[in-house]
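Here's the structure we're looking at; comments come further down.
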Amino acid sequence: MDVTSIIDPLNDAQRQAVTAPSQATLVLAGAGSGKTRVLVHRMAWQIQVENIPAHSLLAVTFTNKAAKEMRGRIEELLKMSAHNLWIGTFHGLAHRLLRRHARQAHLPEAFQVMDSADQLRVIKRVLAGLNLDESKWPPRQVQWYINAQKDEGLRARHIPDHGDPYHQQQLVIYRTYEALCDRSGLVDFGELLLRTHELLRDNADLLAFYHQRFLQVHVDEFQDTNAIQYAWLRLLTEGRDNLFLVGDDDQSIYGWRGAKIENISLFQQHYPNHQIIKLEQNYRSTGTILKAANKIISFNSGRLGKNLWTNAGDGELISLYTAFNEQDEAHFVVDRIRSWVGEGGKFSETAILYRSNAQSRQFEERLMSTATPYRVYGGLRFFERAEVKNALAYLRLIANRHDDASFERVINTPTRGIGTKTLEDLRLIAQERGLSLWNAMLALVNQPTLTARANNALAGFLALVEQLAEQGRDEALFEKVTRVVEKSGLLAWYEKDKDKGEEKAENLKELVNAAKLFDAASLPDAEDNASELDLFLSHAALEAGDLQGDDSDDCVQLMTLHSAKGLEFKRVFLVGLEDGLFPSQQSLDDLARLEEERRLCYVGITRAMQHLYLTYSESRRLYGRESYPKPSRFLREIPMELVQEVRLRNTVSHPAIVANSKANSKSASFMPNSPYSLGQRVRHNTFGEGVILQLEGDGAQQRVQINFREVGMKWLMLSYAKLDAL
DNA sequence: CTGACGAACTTTTTT
DNA sequence: AGTTCGTCAG
């Protein structure tokens with residue numbers, strides 16, 4: 001037993017967390033403080049020192065990437081295979097439980113997982129069935145509503161009817177959607193979690209079994225859990241205090257999709273014997289970068305409070321560049337990257353981080369014209385491409401004829417002369433008799449109602465699917481996939497397609513390849529009663545294709561701030577720091593959202609190891625309009641002694657550094673002198689309570705923008721308004 | 001069923 | 001501006 005390799009590389013706080021007795025534990029791990037390391041070493045400790053069998057440990061993450069990394073690092077540390085450790089995403093684990101207990105979860109054995117595009121299709125179909133106008137009921141909004149309810153653990157029947165007709169209609173849609181999914185054997189992402197929760201809640205024997213099975217439950221990025229995920233964790237650990245959480249309230253950036261920071265305080269209530277351990281020593285960034293990050297995040301309220309430190313020294317100052325326009329901004333950034341690489345740096349150690357995807361364009365153009373290698377993260381993934389989804393839809397029909405979403409997708413792909421009319425008829429029959437589209441087709445085919453042509457087409461489709469299923473019955477997975485790709489006509493169809501047809505055909509061949517790899521990889525612990533095909537299809541939905549180009553290529557990394565979470569780069573360019581862009585327009589008048597933007601800024605800054613560049617532009621073409629944005633308020637929150645401006649001040653029309661000659665420049669920050677600060681709560685004699693959102697001007701001219709709870713937004717002259725700080 | 005044209009958008013994204 | 005989406009004509 002080699003305990004030293006587990007314990008020695010840790011600092012005191014990390015060691016305390018790793019060796020803590022089994023007890024509800026929250027590790028507040030600041031950026032770069034080694035949170036994955038703590039999780040990995042904790043599990044290794046439990047296996048090697050506490051002699052807990054590996055299969056009794058459960059570890060939950062949000063992304064497949066994180067799960068994969070964790071598994072890899074444990075194997076590396078323990079020098080053994082970790083295949084019997086339950087490590088996975090919330091959705092992956094939920095899926096696994098549902099496969100094992102499909103019957104008790106009231107699901108067909110061959111149930112299929114829908115990704116969000118599939119879900120959207122089903123919703124459109126529901127709307128059409130209810131005769132609702134898509135312009136009045138935008139499918140995306142409906143989808144958002146349904147997912148938000150599921151994230152809260154609510155089914156349609158749980159939601160009270162307030163008598164509001166709009167809301168009533170929404171409920172009808174939700175209910176109809178649920179019914180359609182049940183009938184088709186389809187499960188969306190939210191449903192995976194919700195249904196697993198119900199499964200465990202309603203089956204005492206199962207719950208007892210998993211209580212015994214999972215002696216320790218570990219959770220990564222706890223601040224990102226939503227209500228149903230937390231309920232799930234509680235159920236698995238109730239009465240047993242064996243929950244080990246790692247998270248950082250300052251890096252909670254997914255509130256907009258249901259993540260609840262409140263889960264942290266709920267945890268504190270629900271597990272009264274918990275302990276909290278803070279990891280504040282940072283191993284990533286220079287002191288200067290950490291000071292900037294600490295200062296910015298300190299403007300947020302209600303934090304649990306952390307202060308990152310390092311013993312690595314201050315390092316270089318942060319660079320601030322004011323661009324004339326967005327081309328100039330791109331020019332500057334690419335210039336700096338190239339000259340740094342000229343001095344021996346690597347492209348891949350450089351990242352350009354922006355708030356919104358649309359901003360990548362200008363940088364891509366500049367990188368392209370200077371022949372600088374780069375990679376943009378985000379965008380369509382492999383299993384999300386239309387041609388791949390079409391092939392998968394055939395496979396799904398083979399697995400489950402009643403999968404209406406897949407049926408609609410391929411009934412006329414490639415085109416075989418089944419038009420809207422025939423499809424309308426099918427939908428009508430399906431709806432009237434409560435059948436799947438497949439069964440509706442069986443009922444309709446060979447009926448005199450159909451024209452000979454339509455009938456032939458339908459019969460052809462029917463025969464095709466049956467034939468694919470029949471002939472592939474005893475084949476290996478990749479042979480089935482090959483058969484589908486070729487015999488469905490998809491491959492030939494795409495080969496003829498003049499618009500990127502070659503690439504699409506190539507992707508279909510790649511799908512065959514993916515099936516081969518899956519075959520080989522899914523050896524251990526194959527799920528009890530699921531077929532390999534079912535598992536492959538679920539894999540496609542749950543892991544939309546992590547294949548991120550070659551990591552070996554030396555490229556500049558371009559991505560949004562959101563997708564940069566968890567990564568680190570020697571040089572980071574945080575661009576577009578303008579009010580309205582970052583923080584985004586929509587968050588400017590809402591303190592909670594503004595604070596989330598500030599956390600996003602904190603995440604961005606703490607990605608940088610050695611050198612941080614901040615840029616903003618004096619003019620920007622946005623949505624076809626020229627705008628002249630103000631520098632981001634976040635810039636004013638960074639102490640100026642940490643920053644060096646790259647461009648001469650006198651050419652800047654909106655200096656980010658507020659002229660502040662009277663104040664002594666040593667300790668001055670970008671904030672104007674004022675007894676008030678952003679985010680501060682104040683009371684006004686007539687307007688009541690509110691929160692300060694903006695400060696402007698100096699001395700007697702100073703104005704504040706306040707969002708009052710009762711009367712909304714107001715601009716007030718500070719010298720006239722009588723404000724009391726709260 | 002395809003191609004063309006016009007309208008309506010436009011934060012962030014994983015599963 | 002640029003893209004995507006839906007509608008219409010051929």
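This one's a predicted model, so the numbers in the text were calculated from it and none came from an experiment. Chain letters run A, B, ... following the sequence lines, proteins first, then strands; residues in each count from 1. Values below: every heavy atom of this structure, side chains too, minus hydrogens, waters and symmetry copies.
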Identify the pairs formed between an N or O of the protein and an N or O of nucleotides 3-11 of chain B at a distance under 3.5 Å, and give each distance.
unit_1	atom_1	unit_2	atom_2	d
B/dT11	OP1	A/Q586	NE2	3.4
B/dT11	OP2	A/Y623	OH	3.0
B/dT11	O2	A/R355	NH1	2.6
B/dT11	O2	A/R355	NH2	2.4
B/dT11	O4	A/R593	NH2	2.4

Quiz item: What residues form a side chain to side chain contact (heavy atoms under 4.5 Å, CB included) with A/N131, not counting sequence neighbours?
Solution: none

Quiz item: Taking only residues two or more places apart in sequence, or in another chain, which ones meet A/S369 in a side chain to side chain donor-acceptor pair (under 3.5 Å)?
Solution: none

Practice problem: Could you say whether A/E596 or A/T63 is positioned toward the 5' end of DNA chain B, judged by the nucleotide with the nearest heavy atom to each? | Solution: A/E596

Practice problem: For nucleotides C/dC5 and B/dT12, find the distance between their P atoms and express it as a whole number of Å. | Solution: 15 Å

Quiz item: Are the ring centres of A/F634 and A/Y602 closer than 6.0 Å?
Solution: no

Practice problem: Only one of A/E326, A/E626, A/E578 passes salt bridge (charged side-chain N to carboxylate O under 4.0 Å, His left out) with A/R620; say which it is. | Solution: A/E578

Quiz item: With sequence neighbours left out, what residues match A/F90 under ring pair (Phe, Tyr, Trp, His ring centres under 6.0 Å)?
Solution: A/F62, A/W232

Quiz item: A/Y254 stacking on B/dT13: centroids under 5.5 Å, ring planes under 30°?
Solution: no

Quiz item: Taking the nucleotide of DNA chain B with the closest heavy atom to each, which residue, A/I418 or A/L542, is nearer the 5' end?
Solution: A/I418

Practice problem: Provide, to the nearest angstrom, the distance between the CG atom belonging to A/L600 and the P atom belonging to B/dT12. | Solution: 11 Å

Exercise. Indicate, with a heavy-atom threshold strictly under 4.0 Å, whether A/D115 touches base, sugar-phosphate, or nothing.
Key: nothing

Identify every side-chain donor-acceptor pair in residues 383-390 of chain A under 3.5 Å, counting partners at least two apart or on other chains, and give the distances.
unit_1	atom_1	unit_2	atom_2	d
A/E384	OE1	A/R381	N	3.3
A/E384	OE2	A/R381	NH2	3.3
A/E387	OE2	A/N507	ND2	2.8
A/K389	NZ	A/D115	OD1	2.8
A/K389	NZ	A/D115	OD2	2.7
A/K389	NZ	A/D118	OD1	2.6
A/K389	NZ	A/D118	OD2	3.2
A/N390	OD1	A/R409	NE	2.8
A/N390	ND2	A/A386	O	3.3
A/N390	ND2	A/Y494	OH	2.9

Practice problem: Can you tell me, in whole Å, how much space there is between the P of B/dT13 and that of C/dT4? | Solution: 16 Å

Self-check item: Nearest-angstrom distance from the residue atom NZ of A/K65 to C1' of B/dT15
Solution: 15 Å

Practice problem: For A/L594 and B/dT12, give me the distance from atom CG to atom P, rounded to whole Å. | Solution: 18 Å

Quiz prompt | Protein proximity profile, nucleotides 5-10 of chain C - base contact B, sugar-phosphate-only contact S, no contact -, cut-off 4.0 Å on heavy atoms | solution = ------

Exercise. Pull out every stem in DNA chain C, meaning runs of 3 or more consecutive Watson-Crick or G-U wobble pairs with both distances under 3.5 Å.
Key: B:1-10 with C:1-10

Quiz prompt | Spacing of the C1' atoms in B/dT14 and C/dT3 (rounded, Å) | solution = 24 Å

Practice problem: Give the rounded distance in Å between these two atoms: CG of A/L353 and P of B/dT12. | Solution: 14 Å

Practice problem: Return the value, rounded to whole Å, for the distance between atom CD of A/E365 and atom C1' of C/dA1. | Solution: 11 Å

Quiz item: Does A/S116 put a side-chain nitrogen or oxygen below 4.0 Å from OP1 or OP2 of B/dT14?
Solution: no

Quiz item: Among all residues two or more places apart in sequence or in another chain, which pass the side chain to side chain donor-acceptor pair (under 3.5 Å) test with A/R71?
Solution: none

Quiz item: Got a sec, which residues hit side chain to side chain donor-acceptor pair (under 3.5 Å) with A/E364, two or more places apart in sequence or on another chain?
Solution: A/S360, A/Y374

Quiz item: To the nearest angstrom, how far is A/F383 atom CZ from B/dT15 atom C1'?
Solution: 14 Å

Exercise. Starting from P on B/dT15, measure out to CD on A/Q143 and report it in whole angstrom.
Key: 16 Å

Practice problem: Would you mind reading off the distance between A/L93 atom CG and B/dT15 atom P, rounded to a whole angstrom? | Solution: 13 Å

Exercise. Please list, chain by chain and in numerical order, all residues satisfying ring pair (Phe, Tyr, Trp, His ring centres under 6.0 Å) with A/Y354, sequence neighbours excluded.
Key: none

Quiz item: Looking at residues at least two apart in the chain, or sitting in another chain, which of them share a side chain to side chain contact (heavy atoms under 4.5 Å, CB included) with A/R453?
Solution: A/T451

Quiz prompt | side-chain N/O A/R361 vs C/dT3 OP1/OP2, d < 4.0 Å | solution = yes

Self-check item: Pairs involving residues 417-427 of chain A, ordered by first then second residue, that meet salt bridge (Lys or Arg N to Asp or Glu O under 4.0 Å) (sequence neighbours left out)
Solution: A/E408-A/R427, A/K421-A/D425, A/E424-A/R427

Quiz item: Sub-3.5 Å donor-acceptor pair from the side chain of A/R396 to the main-chain atoms of A/V113, do we have one?
Solution: yes

